[in-house]
Amino acid sequence: MIKKLFGETEEEQFRYLKPRLIALGVGGVALLISLLLELMGVGLYEIFYILGAAVCVITLLMFGWAIMRGLFGIATLGVLFSRNVVVGVIIFVLYILLGYIGGLVVAVIGLCRFLVILKQLKQRK
């Protein structure tokens, strides 16, 4: 399962996971900064919150997109709207929500795998 999600070799998995987890970490730090600014009463907390939330949501959707493509076989969003626009919008919203939830699960699995790879790299040196 890990090979299907992140790549065949450890190097591929490391290259796949590193930028996504860094982006997720940056989004989390921006959310923490927004919380601290709000507690201090500084008005800029809204900007940090919007940026942090956007980065986290986009990163989780990137994690979940591979699952959604594998489960439903839909590689492009244009296929959802090809027959009926109203049904396409409903399916699109469900598709994005399932992708986000799946991305959350895959991100946790990816973080665990990334930590295992880092541990193995330290033991080799």
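Position 1 is the first residue of the sequence, and the numbers go up from there. The model shown is predicted, which means the values in this text are computed figures rather than measured ones. The figures here come from the full heavy-atom set of this structure, side chains too, leaving out hydrogens, waters and symmetry mates.
- Side-chain contact between Leu36 and Leu32: absent, with no pair of heavy atoms (C-beta onward) separated by less than 4.5 Å.
- Taking all atoms of both residues into account, the shortest heavy-atom contact from Ala107 to Leu21 is O-CD2, 4.3 Å.
- In this structure, Ala23 and Val55 approach most closely via the heavy-atom pair O-CG1, 3.1 Å.
- When hydrophobic clusters are built by joining Ile, Leu, Val, Met, Phe, Trp and Tyr residues whose side-chain heavy atoms come closer than 4.5 Å, directly or via intermediates, Leu104 is grouped together with Leu17.
- In this structure, Lys119 and Arg124 have side chains that are not in contact, with every pair of non-hydrogen atoms separated by 4.5 Å or more.
- Under the 4.5 Å side-chain heavy-atom criterion for ILVMFWY residues, no single connected hydrophobic cluster contains both Met40 and Leu35.
- Summarising the geometry of Leu31 relative to Cys56, their closest heavy-atom pair is CD1-SG, 4.0 Å, with the distance given to 0.1 Å.
- The shortest distance between side-chain heavy atoms of Gln13 and Lys3 falls below 4.5 Å.
- Using a 30° and 60° split on the angle between ring planes, Tyr16 and Phe63 fall in the perpendicular class, above 60°.
- Here CG of Leu24 is found 5.5 Å from CG of Leu60. Values are rounded to the nearest 0.5 Å.
- Note on Val29: it does not cluster hydrophobically with Tyr49, by side-chain heavy-atom contacts below 4.5 Å among ILVMFWY residues.
- Ring centers of Trp65 and Tyr95: under 6.0 Å apart, within the cut-off.
- Follow the hydrophobic side-chain contacts under 4.5 Å out from Leu61 and you reach Val105 in the same cluster.
- Distance alone, capped at 3.5 Å, places no donor-acceptor pair between the Glu38 side chain and the Ser34 backbone.
- The shortest side-chain heavy-atom distance between Leu118 and Phe14 falls under the 4.5 Å cut-off.
- Put simply, CD1 on Ile117 and CD on Glu10 are 5.5 Å apart, with the number rounded to the nearest 0.5 Å.
- Neither Met62 nor Val57 shares a network with the other; the hydrophobic side chains, linked directly or stepwise wherever heavy atoms of I, L, V, M, F, W or Y lie under 4.5 Å apart, form separate groups for each.
- Test Val116, Leu115, Leu111 against Arg113 for side-chain contact (heavy atoms from CB on, under 4.5 Å) and you get one pass: Val116.
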Between Phe114 and Lys18, does a side chain to side chain contact (heavy atoms under 4.5 Å, CB included) hold up when you go through it step by step? CA-CA 8 Å; Phe114 187 76; Lys18 186 177 179 182; 4.0 Å; yes

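- Ala30 and Gly52 get closest at one heavy-atom pair: CB-CA, 3.6 Å.
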